[in-house]
Amino acid sequence: MRVWWIPSVFGLTVGTVLFATVYLIPIKADDIWWHLKTGQIILARLQLPMKNMYSFTAEHNVWMPQEWLSQVVFYVVYHWLGYRGLIFSGILLNAAACGFVYKLIIRYSKSPYVSAVITFLASLMILGQFSIKPYLFGNLFFIITLYMMEHNRMGGRMRPFGLFLLFAGWANFHGSFLMGLALIVIYLFASLTVFLRNKETKLDVLKPYFMDFILAVAGSMATPNHVFGLIFPVAYLQNAFANEVTYLTNLSEWRPAGLETPLGQMVFFYLLFCVFAVAGSGKAPKTLHIGLLVAFSVFAFSSIRNIPLLGMVATLVLARHLPLAFRRTWKIMVRKRKLVDMLESIHQRLVVVDMRSKTLVLPALSVLILVIMFSLPKSYGLSYSALGDVHELADLSRDYYPKSLMEYLREKNSKHRIFNHFNWGGAMIWALYPQFRVFIDQRSNCYPTDVFLDYFAVHHLKKGWLDVLNKWNIDMVAYPVDTQLSKALKKTSGWWVEYEDSQVVLFTRSLY
């Protein structure tokens with residue numbers, strides 16, 4: 001018999017993640033702006049843009065908005081519920097991902113308390129770079145896929161249909177569906193290895209994963225771009241890691257997580273903790289789980305974006321070995337056998353109580369409380385706006401959304417060719433398109449290499465940087481105040497400061 005008033009460990013875990021995300025984890029909205037504008041345009045035109053219409057430097061370049069569905073969802077939420085609704089939706093997506101992590105690992109740990117500890121560790125990896133972006137949908141789809149792979153009979157006869165829909169949705173929400181395909185390939189390869197090593201193993205061991213892969217690929221092509229939607233992210237990855245654009249990866253979420261960085265160190269200690277768990281348990285790890293850990297460790301160190309995926313995958317190793325490591329350590333530290341037996345008995349009783357508790361009561365109550373706090377007007381001291389000091393979406397990304405500059409340019413009726421700071425491209429698209437079009441922005445998959453070379457030639461004041469401005473007929477430059485470019489333009493004849501504040505300076509050619 002379940003007792004609704006007993007809070008389950010799962011509920012406590014998800015509730016803690018919800019509130020910690022709101023008030024302890026820094027939330028960013030760095031490049032949400034061009035996503036919002038794209039969602040707005042898709043709904044207005046009822047078709048996907050196919051050209052780089054936001055830029056005058058690459059207006060004829062093909063642009064394939066892979067994550068168009070997440071952009072539409074974000075815009076609808078922002079349009080109807082405002083910035084607080086958008087932030088809250090991101091919090092719910094992260095909490096849902098952590099909830100699936102807990103449900104995945106309790107199958108191995110058998111202990112709700114150990115599962116909670118592991119989930120909190122994974123949440124640090126998932127929330128370490130929390131930004132309102134389409135990748136939040138990708139993280140949720142990834143953990144669902146991992147859950148389905150670990151439960152290879154989950155869904156029964158409806159499994160093929162469910163997996164197809166999962167990847168069909170994922171491919172339209174975010175390009176990280178490739179990581180889902182890679183995940184299935186690893187499971188397929190592991191089953192193939194088992195088949196080849198054990199001659200008595202039936203071929204049926206390969207069939208489920210092979211069918212999963214075929215259905216996942218088919219679902220991934222259920223997009224407006226069909227097979228090109230499947231190929232395009234692969235081509236983008238190739239370009240992103242090519243030698244000629246490695247300088248771009250250093251400025252984006254594709255940059256590697258080196259050991260000299262805080263994120264790289266977090267990944268390193270997380271992996272080190274996994275090693276200690278395996279060594280302390282005295283139990284041989286599953287080859288498949290070690291393969292997943294190694295593969296996604298490489299992905300994580302190669303790109304910051306993949307750190308959350310490693311956080312989820314590593315929980316499989318921790319769930320199988322950490323409880324045993326705790327038990328062995330506890331027995332070594334506590335010499336009195338009666339005390340150990342008594343504590344283990346108490347633990348088992350608590351597990352039984354947890355099994356009787358209502359799983360979703362506390363998460364639902366936490367969501368209700370947060371809904372009320374997010375709904376309260378800014379003047380109320382308990383409102384999210386007051387407690388978080390967030391009064392508009394731009395407050396989450398002040399360095400990426402120079403509000404005063406956007407307001408100043410919006411009031412100008414004439415059109416100009418502006419050389420803009422890379423980080424401000426998305427903000428200018430949201431606030432100023434179609435009145436102004438950008439030189440460059442964070443959509444690095446729709447600009448040719450020459451545009452990046454020209455941008456960084458000016459940004460780093462390389463030889464001929466003034467010629468680049470002339471080449472593109474630039475008549476205005478919008479840049480942060482304390483950069484080398486701003487200081488150089490103040491000393492360059494033919495340019496004058498039209499607008500300046502503590503954050504930004506806007507230069508105009510004297511001719512105009």
Side-chain angles (χ1 to χ4, degrees), residues 9-10 13-14 96-112 114-119 121-123 125-126 138-167 170 176-195 201 204-216 219 270-271 274 277-278 281 283-297 299-300 306 308-324 359:
V9 177
F10 170 82
T13 303
V14 175
C98 291
F100 270 101
V101 168
Y102 180 95
K103 289 297 185 181
L104 171 69
I105 59 184
I106 198 171
R107 174 191 180 190
Y108 292 111
S109 71
K110 306 299 183 183
S111 169
V114 175
S115 299
V117 171
I118 298 173
T119 301
L121 290 174
S123 69
M125 305 283 284
I126 296 172
N139 288 348
L140 180 57
F141 287 127
F142 181 87
I143 186 60
I144 293 175
T145 303
L146 182 60
Y147 190 91
M148 293 184 70
M149 291 300 102
E150 283 294 302
H151 300 72
N152 60 359
R153 294 184 179 180
M154 175 185 172
R157 295 181 179 179
M158 296 299 294
R159 179 184 176 88
F161 182 67
L163 194 68
F164 177 86
L165 287 182
L166 175 67
F167 274 83
W170 193 350
S176 61
F177 70 90
L178 287 179
M179 288 299 176
L181 294 177
L183 183 66
I184 297 177
V185 167
I186 293 174
Y187 276 85
L188 177 59
F189 182 78
S191 64
L192 178 62
T193 303
V194 171
F195 174 76
T201 303
D204 291 345
V205 72
L206 296 174
K207 185 177 178 180
Y209 296 114
F210 182 75
M211 291 301 300
D212 286 346
F213 179 73
I214 296 299
L215 289 167
Y270 189 62
L271 292 174
C274 293
V278 173
S281 69
K283 180 179 180 181
K286 290 182 67 173
T287 304
L288 171 60
H289 292 170
I290 295 299
L292 287 169
L293 188 64
V294 171
F296 282 89
S297 296
F299 294 154
N306 296 322
L309 307 185
L310 171 63
M312 300 176 200
V313 165
T315 58
L316 295 173
V317 174
L318 292 175
R320 291 189 79 244
H321 298 277
L322 195 59
L324 293 174
T359 304

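Owing to the predicted nature of the structure, the values given are computational and were not obtained by experimental measurement.
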Leu292 and side chain to side chain contact (heavy atoms under 4.5 Å, CB included): which partner among Val313, Thr287, Val317? Val313

Counting the benzene-type ring for Trp, do Phe189 and Phe213 have ring centres under 6.0 Å apart? no

Taken to the nearest 0.5 Å, the spacing of Leu166 CG from Phe161 CZ works out to 12.0 Å

Ignoring hydrogens and geometry, is there a side-chain-to-backbone donor-acceptor pair from Arg159 to Met148 under 3.5 Å? yes

Which is it for Val9 and Thr13 under the side-chain contact (heavy atoms from CB on, under 4.5 Å) test, yes or no, and what are the steps along the way? CA-CA 6 Å; Val9 177; Thr13 303; 4.1 Å; yes

Atom of Ile126, atom of Cys98 and distance for their closest heavy-atom approach: CD1-SG, 4.1 Å

Rounded distance [0.5 Å steps], CG in Leu318 versus CD1 in Ile118: 5.0 Å

Compare every heavy atom of Ala295 with every heavy atom of Ile186, then report the nearest pair and how far apart it is. CD1-CB, 3.9 Å

Which atom pair, heavy atoms only, marks the closest approach of Ala314 to Tyr270? CB-CE2, 3.3 Å

Residue pair Pro285 / His321, side-chain heavy-atom distance below 4.5 Å: yes

Taking all atoms of both residues into account, what is the closest heavy-atom pair of Gly99 and Val14, and its distance? CA-CG2, 4.0 Å

Does the cation-pi check pass for Lys103 over Tyr147, that is, NZ or CZ under 6.0 Å from the six-membered ring centre and within 45° of its axis? no

Side chain of Arg107, backbone of Glu150: donor and acceptor closer than 3.5 Å? yes

Consider only side-chain N and O atoms of Ser176 and Trp170, and report whether a donor and an acceptor are under 3.5 Å apart. yes

Side chains of Ile105 and Phe100: closer than 4.5 Å at any heavy-atom pair? no

With rounding to the nearest 0.5 angstrom, report the CG to CG distance, Leu188 to Leu181. 12.0 Å

Considering all heavy atoms of both residues, which atom of Val101 and which atom of Ala122 are nearest to each other, and what is their separation? CG1-CB, 4.2 Å

Among Leu309, Leu104, Ile184, whose side chain to side chain contact (heavy atoms under 4.5 Å, CB included) with Leu146 holds? Leu104

Taking the six-membered ring for Trp, are Tyr102 and Phe10 ring centroids under 6.0 Å apart? yes

Between CZ on residue Phe299 and CG on residue Asn306, distance to nearest 0.5 Å: 7.0 Å

So, taking the atom named CG in Leu183 and the one named CE in Met312, what distance separates them when rounded to the nearest 0.5 Å? 11.0 Å

What's the spacing between Leu316 CG and Ser109 OG if we round to 0.5 Å? 11.5 Å

Nearest heavy-atom neighbours spanning Ser297 and Leu310: OG-CD1, 3.6 Å

Pair Leu322-Ser281, side-chain contact (heavy atoms from CB on, under 4.5 Å): steps then yes or no: CA-CA 7 Å; Leu322 195 59; Ser281 69; over 6 Å; no

Evaluate side-chain contact (heavy atoms from CB on, under 4.5 Å) for Tyr209 paired with Leu192, printing each intermediate quantity in order. CA-CA 10 Å; Tyr209 296 114; Leu192 178 62; over 6 Å; no

